[in-house]
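Let me begin by presenting the structure, written as structure tokens, before commenting on it.
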Amino acid sequence: MNAGSLSSGLTRAVFNVICPIARSVGLLALVAAGMAGAPVIHAAGSAAAPARITEAIDESKLVSAGGVPRQALAKDDQGSVADDMRLDNMFLQLQRSPEQEAALEAFMQEQLDPHSSNFHKWLSAEQLGERFGPSAADIDTVVRWLGTHGLTVNQVHKSGTTLDVSGTAGQVREAFHTEIHHFLTNGEQHIANASPQKIPAALAGVVAGFSSLSDFMPHPMMTKPKSNFTFKCVGCPDGFNNSEQFDEGPADLATIYNVTPLYTAKQPITGKGQTVVVLEPTDIQSKDVATFRTAFGLNKFSGTFAQIHPGPGCADPGTNGAEGEAALDSEWAGAVAPDATVRLASCASTNTSFGGFTAAINLLDSSSPPQVMSLSFGECEASNGPGIANQGNLFVKDLWQQAAAEGVSVFVSAGDGAAAGCDNFDTASFAVSGIAVNGLASTPYNVATGGTDFQDTALGENSTFWSTTNGPGGKSAKSYIPEIPWDDSCASSVLFEFLGFTSGVSFCNSTTGAGFLDIVGGSGGPSFVYSKPFWQQGVDGVPNDGKRDLPDISLFASNAFWSHAILFCMSDAKQGGSPCNFTVPVDIFNNSAGGTSFTAPQLASIQALINQKAGGPQGNPNPVYYDLARAEFSKSSVLSSCNSEKGAGVSSSCIFHDVTVGNNDVPCTGTNDCFEPNPFEFGVLSTSDKKLSVAYPTTKGWDFATGLGTPNVTNLVNAWP
């Protein structure tokens, strides 16, 4: 959509599920707080698995069960909370045996193998728990042990790996040998455990620990336009300070990524009969979704929207500071598949649990889980602990693994901090923590969605790709547009070359470059928790690093850095919203943003189109993505014809547009993955501290900056096996 005059600056692979064995197991009931040794009324769990807790529980023989949140620094410690502080809906994570995990993995591969008798035999949560969960006897033992310390088990989730537990800080200290402290972190009050959890050694084979004992919550991946990107550049090519902002609306996305032919086909593919759920810790004003759909012509379709608060332990959160994120998620989840049903599933966060996770686990426990789920929040992978066995990572892994086992496709924003996933992209001017990724997106069971920007402004070619007037639904995009990685920083090769510099180091340390000290951009990098899944191997460009690499696939996500952002509506003034008038420039600016926040619900909406065409849920779509890319990228002539630089001339047969210009590097200081040669104040993020090895440039095929690139949606849907 042309926003008018507005000053702004710049593999077939498989992997999903579990044997359908009928099962009817009730939820675990309650153990009254303080009633030590009270009888347990009973637990979900596997009837087939042998008990692994075989020794008497000796409270004097303890082992560690997880670390301290990385944000909980000793210098910020303000002492213990009161013993009677309530800690509600804590998720205690249990572990499968190695044999169970291996059997589950093997079965999940069969779930997406069309030659297997288990192809698309999605499981229920009960079947997952019975076949692959801890034994009912072990769960019963854990629940009784918690009861002896006064902790209440609200429920055992049906997979058998997560217990919802409530109690007080004093009871947690007494049972898990860790104190909950106050922390003043960056001027904000928080609570967190001040030392690692400890549990009796007899429980260690089954109990991983609480997934969180803190209120350091995942944060939204929405990035607002920043006015300081506008500056006078003497001698710059025309276009740098252009006065038009061309923002992306639904009709523009449909043109750029070739969705429209699906809508106009003899048998239209519009998402009819499909449901997309966005997971949130807040409600929104439903009228904003209606306003958005009316403004962009989506109200002529039959898609509906509603807000739900699923399952037990899910309090209505009302509206809060995450409302902008939830609004854009809700609007765009139905924008690409306009006949789909969109549900905003929200639960109130507690001081130890994230409301989006509560909504997800309750939906996955239901008899009819949604076909597609989207989450646009992030948390540094290292915040969840150093390895998959750490309880925070284990919880996320098990959650998305359960979704895939049930046939649910999960899309998670890769992040907005470029390759610096542990630094705060909202406030940091440079990275200090090194290369890192979003731990909510890095599992092998979800799609990690990356972000691009359009190259036309840098090329001085706005008029080639955009009309100066808006057509039906606000459409002003004319065709596919050349793409670059989304990178707002001075380390962006597109930016520093545009301004006549030869390196990010020299530009970031220049007077002009100082205005672009930032780490905002589409995230990508290797996971330090998960090994490389089999479906990601053998694809041109994917490194042989043995790690799960992010992102998987991208879409446009810029926050108006190069004069393009994405439109949405959030009018709640109490939460920082603005009136949704999409014809007035200032309102366009206030109701536009960027971030991989947008790409997760957009790709979830694309999955709804795939599901409609394919005739049912597809589970984890990554194996098919990579299988299709493996075939396309293996032919150099095809890869060349699909090069994003060709713009409108890109081949009409491409499934993926290969982004080959630019990077997602950012400025840095220190010795964590930072090349900082003397005498410069700032370096750039690098895989080597000794020589420049940019983190990360685009390459032919897959790369850390954009993953597989961006899709031609019609071709993707039609090529889906």
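These figures come from a predicted structure and were not determined experimentally.
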Parallel, tilted or perpendicular: which fits the ring planes of [X] and [Y], with parallel below 30° and perpendicular above 60°?
X	Y	value
F395	F91	parallel
Y625	F656	perpendicular
H564	F556	perpendicular

Side chains of [X] and [Y] only: does a donor on one sit below 3.5 Å from an acceptor on the other?
X	Y	value
S597	E325	yes
S554	T706	no
T350	S353	yes
T710	H657	yes
Q93	T162	yes
D416	W486	no
D423	S433	yes
T687	S693	yes

**Prompt:** At what distance, to the nearest 0.5 angstrom, does CD of E381 lie from CG of N393?
**Reply:**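 The distance works out to 6.0 Å.
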Considering residues at least two apart in sequence or located in another chain, which fulfil the salt bridge (Lys or Arg N to Asp or Glu O under 4.0 Å) criterion with [X]?
X	result
E101	R96, K397
D552	R548
D549	K532

Sequence neighbours excluded, which residues qualify as side chain to side chain contact (heavy atoms under 4.5 Å, CB included) partners of [X]?
X	result
Q371	Q274, N611, P617
P69	Q71, A72, A192, N193, S214, F216
T669	F430, V432, E676, F682

**Message:** For the backbone of V278 and the side chain of S374, can you confirm whether one donor and one acceptor N or O come within less than 3.5 Å of each other?
**Reply:**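 Checked: no pair found.
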**Request:** May I ask you to decide if A705's main-chain N or O and N664's side chain share a donor-acceptor pair within less than 3.5 Å?
**Result:**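 No.
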**Request:** Taking the side chain as every heavy atom from C-beta outward, state whether L375 and F357 have any pair of such atoms under 4.5 Å apart.
**Result:**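 A side-chain contact under 4.5 Å exists here.
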